[in-house]
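To start, the structure itself, in structure tokens.
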Amino acid sequence: MLDIKLIRKHPDTFKQNFVRRGDAESLEILDALLKHDETWRQLLTEANALRHERSKLTNKVADLKKAGKEYRNLIEQGKQLAKNITLLEDRARTQKQTVDELLINLPNMLHDSVPSGKDDADNMEVKVWGRPPTFNFPPKNHLEIGRDLGIIDEERGAKVSGHGFLYLSDQLVLLDLALQRFALDFMIAKGFRLVEPPFMMRRKPYSGVTALADFEQVMYKVEGEDLYMIATSEHPLAAMYMNEVLLRDDLPLGLVGLSPCFRKEVGSHGKYTKGLFRMHQFNKVEQFVFCHPSDSWRIHEELQANSEALYEKLGLHYKVVNVCTGEIGTLASKRYDINIWMADGVYREVGSNSNCTDYQSRRLNIRFREKEGQSPAGFVHTLNNTALATSRTMVAILEQHQQKDGTVILPKVLNRYMPGVTRLEPQLKSLNVNISYTKSFNIGTSDSSRRNED
RNA sequence: GCCGGGAUGGCAGAGUGGAUAAUGCGCAGGCCUUGAGAGCCUGUGGCCUUCUUGGCCGCAUGGGUUCGAAUCCCAUUCCCGGCGCCA
């Protein structure tokens, strides 16, 4: 949410910024906002004047009553006044709602360095690390590799849960866990606090962290409950300090979140949807920072360096782009994407680093104070950046580190997290083999007290 | 899930239908002092306004009763205690 006072003061600055976005709708909203805001202020002034009248009247009533004098004739006056106040208050409230709705639909102000453009073709490449791997054999995509190794089962995923769900097994699950732990340890060493957030959120805090369209396009709603499955741990992390005032000394506050992410992926037709790349459910380690407004641009670069270091340690070739005005979305003032090389030669997004400045914190009402005992001094800035989304990172590992024999050599940094597994190899026992579960595992113990402990 | 108690400023805590939300602590500024401290004085939430003046709102949130609500009623959220259920 933008600062309405600033908009009143410098409407042209905001207009120019929306023009850069090529956003005709926001320009219309801005005009409507200025008009309705003016009306609201008038109504408020009138309502206040009436309330002042009432306050004087009720004081008179109290005085007369105390003196034991007649006051009944004033009661009728008061009743009429109360009616008029209610009328004006209703109008003012409705008008304020209109203003708020318009305001919340305006996007964040773009940073000067954001390149102009329409779609991802206009994103500005700012860094390349490594180079594409070369193979003396036709490289496979990760789904073929995973299927051949017997560690990805797409068909059963679809059978049980529908398209966009997979069964992962054996070494691939260990790899997923290893990547999570690798990213977490890196972030913890950087001083971030490890947080496992709730995986579901109520609507109110949720509407503070994300664009309203996401409720239709992205989040799964739990039937019969005021709960939504989180699309990323960014959301519960951002909402964590909703309606709170943070102490300057505690800033910057860096959190590293670990959670599964649930996404409907409505409107993903025509996009790359193979295998692990675009799923309804995946695991992600997320960087999140609350900071003093003066620090956010420095920290934005630091978060970027963190992500890059993780991919470099994994030996994965990537490019960084400064996301253009047409692709950046409503929350971020500036955004870097990391795009990673895949076996078909296309670079696809694996992570996204946003400085939301005070846009998110205004919606969530997260402020800071300079010192204990003082009044709040302003809104914090928030930043969020992927550390590692394990699914997409696994795509890159499988495709960039694949071998001619169909195996995959794992990055050395993961060895300590997967003892004895240095490469992904064909599984001896395919999940397709019909084994008798009850015969192979002795679950019929005589200890009945343990029966319910699952 | 049931029963009971509760939610007041940055914090503690009074206020149980009628003026400015008492008082203390913290914080900010000033006086005093060579300096610090103590002491004393003033200020310390949000909104609107001609931004000096003035006015309104604010006692968890949303409704209601009343001329008038922190105070009475209803609903919701959260916290504490007890009971129940449970990995």
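Naming: A, B, ... by sequence-line order, numbering from 1 per chain. Scope of the values below: all heavy atoms of this structure, side chains included, with no hydrogens, waters or symmetry mates.
- Looking at E286(A) and N385(A), their side chains never bring a donor and an acceptor atom within 3.5 Å of each other.
- At the heavy-atom level, K65(A) lies under 4.0 Å from base atoms of the strands shown.
- Put simply, R8(A) has a side-chain N or O that comes within less than 4.0 Å of OP1 or OP2 on rC48(B).
- Applying the 4.0 Å criterion to OP1 and OP2 of rU76(B), one finds that R202(A) has every side-chain N and O outside that range.
- For R54(A) and rU66(B), the CZ to P distance is 13 Å, given to the nearest whole Å.
- Within the nucleic acid shown, G373(A) comes within 4.0 Å of at least one base atom, counting heavy atoms only.
- With rounding to whole Å, R362(A) atom CZ is found 13 Å from rG46(B) atom P.
- If you check every strand for non-hydrogen atoms under 4.0 Å, L44(A) touches sugar and phosphate atoms only.
- Side chain of N48(A), nearest nucleotide from rA19(B), rC56(B), rG45(B): rC56(B).
- Between the C1' atom of rC47(B) and the CD atom of Q42(A) lies a distance of 16 Å, rounded to the nearest Å.
- Across all strands shown, rG4(B) forms a Watson-Crick or G-U wobble pair with rC80(B), both key distances being under 3.5 Å.
- Judged by Watson-Crick or G-U wobble contacts below 3.5 Å, the nucleotide rC59(B) has no partner.
- rA28(B) atom P lies 13 Å from atom CZ of R369(A), rounded to whole Å.
- Here rG68(B) presents its C1' atom at 14 Å from CZ of R51(A), a figure rounded to the nearest Å.
- Between the side chains of N283(A) and D176(A), at least one donor-acceptor pair of N or O atoms lies under 3.5 Å.
- The phosphate of rA28(B) (OP1 or OP2) has a side-chain N or O of K371(A) nearer than 4.0 angstrom.
- In this structure, CD of E244(A) is placed 13 Å from C1' of rC78(B), rounded to the nearest angstrom.
- Taking all atoms of both residues into account, the shortest heavy-atom contact from L276(A) to S391(A) is O-CB, 3.5 Å.
- The nucleotide rA36(B) finds no pairing partner, because no Watson-Crick or G-U wobble arrangement with both distances shorter than 3.5 Å includes it.
- Across the protein-nucleic acid pair, K56(A) atom NZ and rG54(B) atom C1' stand 12 Å apart, rounded to whole Å.
- For H280(A) and F262(A), the ring centers are positioned 6.0 Å apart or more.
- Looking at E302(A) and R298(A), a side-chain N of the basic residue comes within less than 4.0 Å of a carboxylate O on the acidic one, giving a salt bridge.
- Atom-to-atom, CD of E53(A) to P of rG55(B) comes out at 12 Å; the value is rounded to the nearest Å.
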